[in-house]
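Residue indices begin at 1 and follow the sequence shown. Remember, it's a predicted structure, so these values are computed and weren't measured experimentally.
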Amino acid sequence: GSGSVNDTKWVLRFKWVIDSVSSSNVQGCIGLASNTGSYHTSQDGVFLEVIDTSGANFRINDPNNALPDVSGGTVMTNAVSTGTRYVEIARTGATSATISFSSTSAYTKDTESKTYTIENVTGLRYFKIFNNSSGTTSGQVNGTIDDVEFYNGVTSTSNYWQELGT
């Protein structure tokens, strides 16, 4: 929240251990947003959305000054289930983002990777984990998010070095 991130390139990584998933009615998001508001607050964002209203799936979502949209985005084939995932959310251009799942902390994107076209998403500055608390969802995803890494101004983290000052 200390300042806006680059509007065309950044990488967010984290280890996500899902211990349990209860019910088939789960809805929430993880990613970067333009404000600290709830799920029901208009915002810009690039999110990994947990959506399980008619099948357990993740999807890429990018509200453009709107609410996260359960019917939009790109559905991923990786199921919302127990286990460990290494997640990378990357802004790869002014109009594109990629979400990848890996089986190891090397972030090799060996499980799944999807690119999504985003629209006019700017002013992101908050890492958010939030759910739809409207009363229409009753399920829970229990677990931990750890080892969070954020790289601003880059689209790749391999062999990246930058000298700051003299």
Side-chain angles (χ1 to χ4, degrees), residues 1-16 18 26-53 57-78 80 85-102 105 107-109 111-134 136-137 141 143-165:
S2 64
S4 295
V5 302
N6 191 293
D7 285 333
T8 61
K9 52 187 177 178
W10 49 260
V11 177
L12 172 66
R13 289 177 162 180
F14 53 90
K15 176 184 175 183
W16 189 10
I18 298 177
V26 176
Q27 186 177 348
C29 296
I30 302 169
L32 294 184
S34 60
N35 63 45
T36 60
S38 72
Y39 190 91
H40 301 285
T41 302
S42 291
Q43 59 198 296
D44 277 7
V46 176
F47 300 121
L48 169 62
E49 185 174 19
V50 177
I51 183 72
D52 183 11
T53 55
N57 286 306
F58 294 104
R59 77 173 72 226
I60 302 168
N61 197 322
D62 71 321
N64 176 12
N65 197 27
L67 304 179
D69 179 6
V70 299
S71 62
T74 297
V75 176
M76 303 188 75
T77 58
N78 198 278
V80 179
R85 291 166 184 77
Y86 293 86
V87 180
E88 180 178 280
I89 305 172
R91 179 84 181 251
T92 55
T95 60
S96 62
T98 300
I99 295 183
S100 304
F101 294 115
S102 300
S105 61
Y107 291 92
T108 57
K109 304 176 186 178
T111 305
E112 182 174 13
S113 185
K114 296 261 186 182
T115 299
Y116 180 60
T117 301
I118 59 178
E119 299 178 22
N120 197 29
V121 173
T122 61
L124 306 182
R125 62 185 291 178
Y126 299 100
F127 175 61
K128 288 173 63 171
I129 304 167
F130 58 111
N131 67 327
N132 178 356
S133 58
S134 68
T136 60
T137 59
V141 175
T144 58
I145 291 179
D146 204 355
D147 304 330
V148 177
E149 301 173 5
F150 179 73
Y151 304 86
N152 196 23
V154 300
T155 58
S156 171
T157 61
S158 60
N159 299 321
Y160 183 77
W161 178 83
Q162 180 180 10
E163 184 175 343
L164 299 174

Minimum-distance pair of heavy atoms, taken over all atoms of Thr115 and Ser96
CG2-CB, 4.4 Å
Could you tell me whether the side chain of Arg85 reaches within less than 4.5 Å of the side chain of Ile18, counting heavy atoms only?
yes
May I ask you to decide if Asn35's main-chain N or O and Lys128's side chain share a donor-acceptor pair within less than 3.5 Å?
yes
Arg13 NZ/CZ over Phe150 ring centroid, <6.0 Å and within 45° of normal
no
Separation of Leu124 CG from Gln43 CD (nearest 0.5 Å):
9.5 Å
Could you point out which residue of Thr144, Val141, Asp147 forms a side-chain contact (heavy atoms from CB on, under 4.5 Å) with Trp16?
Val141
If you look at every heavy atom in Thr122 and Asp7, which pair is closest and at what distance?
CA-OD1, 3.5 Å
For Tyr86 and Glu88, which I'm curious about, is there any donor-acceptor pair between the side chains at under 3.5 Å?
no
For the OH atom of Tyr107 and the CD atom of Glu149, what is their distance to the nearest 0.5 Å?
5.5 Å
Tell me, with the steps shown, if Glu49 and Ile30 meet side-chain contact (heavy atoms from CB on, under 4.5 Å).
CA-CA 6 Å; Glu49 185 174 19; Ile30 302 169; over 6 Å; no
With the side chain counted from C-beta on, respond yes when Val154 and Trp10 share a heavy-atom pair under 4.5 Å apart, and no when they do not.
no
Evaluation steps, side-chain contact (heavy atoms from CB on, under 4.5 Å), between Leu12 and Tyr151
CA-CA 6 Å; Leu12 172 66; Tyr151 304 86; over 6 Å; no
For Thr8, what residues pass the side-chain hydrogen bond (donor to acceptor under 3.5 Å, both in side chains) criterion, not counting sequence neighbours?
Asn6
For Ser34, side-chain hydrogen bond (donor to acceptor under 3.5 Å, both in side chains) partners two or more places apart
none
Using side-chain hydrogen bond (donor to acceptor under 3.5 Å, both in side chains) as the criterion, list what pairs up with Thr111, not counting sequence neighbours.
none
Between the NZ atom in Lys114 and the OG atom in Ser100, the distance rounded to the nearest 0.5 Å is 11.0 Å
State whether a side-chain donor-acceptor pair under 3.5 Å links Thr155 with Thr92.
no
Hey, what do you get for NZ (Lys109) to OG1 (Thr98), rounding to the nearest 0.5 Å?
6.5 Å
Nearest atoms (heavy-atom pairs only) where Ile89 meets Gly31
CD1-CA, 4.2 Å
What pair of heavy atoms forms the shortest contact from Phe47 to Leu32, and how long is it?
CE2-O, 3.5 Å
